[in-house]
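Scroll down for the structure; my scribbles are underneath it.
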Amino acid sequence: MAWNVFKFCTALRGLGSIMILLVLGVVGVTYYAVVVTSYGPALLAGGLGALAALAVLVLFHGLLVMLLWSYFSVVLTDPGGVPPNWRPSIDEERGESDPLTLPDLSGLQSDPSNQRIRFCRKCNHFKPPRCHHCSVCGSCVLKMDHHCVWVVNCVGALNYKYFLLFLFYTFLETSVVTLALLPHFIAFFTDGEIPGTPGTLATTFLSFVLNLAFALSVLGFLILHISLVAANTTTIEAYEKKTTPRWRYDLGRKRNFEQVFGTGKLYWFIPAYLEEDKKRMPSLHGLDYPVRPEFGSEAF
């Protein structure tokens with residue numbers, strides 16, 4: 001019996017808020033282990049240890065705020081959908097003076113040399129450049145990268161930056177927690193007396209293991225997506241263009257980075273965009289992308 005991938009997609013959709021609660025649960029356990037059990041009491045105890053505890057707590061809370069801000073920005077931001085009446089032009093040099101209509105589709109599909117015009121039969125509309133259909137969401141997503149169960153959302157043109165920041169701050173936060181709880185973890189395997197109840201010790205141990213595991217796994221994803229941003233591509237496109245020697249959207253590392261994060265340096269590290277960038281950079285809206293000069297009007 002063949003495996004039905006669409007049943008799997010339905011199961012992913014059914015996870016819904018469970019994954020959000022799981023993320024918040026991990027945050028809650030970590031917060032209890034770091035603040036309530038370990039460094040909060042050390043801060044209140046005073047002395048030289050209080051200064052180290054204060055530094056850890058300030059860094060922990062700062063990164064936690066940025067992590068949660070980025071996380072809920074990914075969760076709550078629409079990744080980008082195709083506008084209802086969007087139509088590609090047959091000849092890009094003619095602008096939008098001759099928009100394509102549905103009756104023209106049959107002739108275009110019979111011409112395999114025309115790679116610019118794409119049509120989604122599930123959504124029954126044309127697909128803009130770099131757009132793909134998500135079987136989990138049941139809709140086409142602009143510049144789709146992947147569907148992420150951790151954020152219960154697709155990662156696309158309008159929330160890709162937020163997803164990258166979520167990975168970035170998750171790695172920093174879990175690394176800080178791992179290092180902060182490392183002395184307590186080592187104490188488990190020594191003969192010295194360990195303060196705290198069995199419950200608090202178990203929570204600290206669990207928090208250390210979880211954060212270490214997340215730090216190592218997220219680091220791999222972060223490195224992967226840094227390489228994708230540097231090449232101005234997505235996870236899906238990287239798979240599709242394995243045999244393509246040149247990538248039409250590769251504008252150089254600096255411009256590739258700006259296509260995702262914008263040009264405002266103060267906004268690179270927060271899940272928001274400079275208003276000027278949103279007005280003058282069409283790539284941030286997910287419908288149009290600059291291409292290398294040698295590809296000309298072949299962006300579709």
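Residue numbers run from 1 in the order of the sequence given. Just so you know, these numbers come straight off a predicted model, no measurement behind them.
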Aromatic plane relationship, Phe166 with Phe163 - under 30° parallel, 30 to 60° tilted, over 60° perpendicular: tilted
Non-hydrogen atoms of Tyr160 and Val155 that approach each other most closely: CD1-CG1, 3.5 Å
Shortest non-hydrogen contact from Val74 toward Asn153: O-ND2, 3.0 Å
Side-chain (His285) to main-chain (Lys278) donor-acceptor, under 3.5 angstrom: yes
Check: Pro282 main-chain N/O paired with Asp288 side-chain donor or acceptor under 3.5 Å: no
Cation-pi check, Lys161 onto Tyr273 ring (under 6.0 Å, within 45° of axis): yes
Beyond-backbone contact of Cys131 with Arg118, side-chain heavy atoms, under 4.5 angstrom: yes
Phe60 and Tyr31 aromatic ring geometry - parallel, tilted or perpendicular at 30°/60° bounds: tilted
salt_bridge(Lys279, Glu275) N-O dist < 4.0 Å: no
Heavy-atom neighbours of Phe221 CZ exceed 12 at 6.0 Å: no
Ring centers of His184, Phe205 separated by less than 6.0 Å: no
Atom of Tyr249, atom of Asn232 and distance for their closest heavy-atom approach: O-ND2, 2.6 Å
Other residues, nucleotides, ligands: >12 heavy atoms within 6.0 Å of Leu44 CG: yes
Nearest-0.5 Å distance that lies between atom CG in Leu274 and atom NZ in Lys265: 13.0 Å
Nearest heavy-atom neighbours spanning Tyr169 and Ser70: CD1-OG, 3.7 Å
Flag side-chain contact, heavy atom, 4.5 Å: Arg130 against Asp145: no
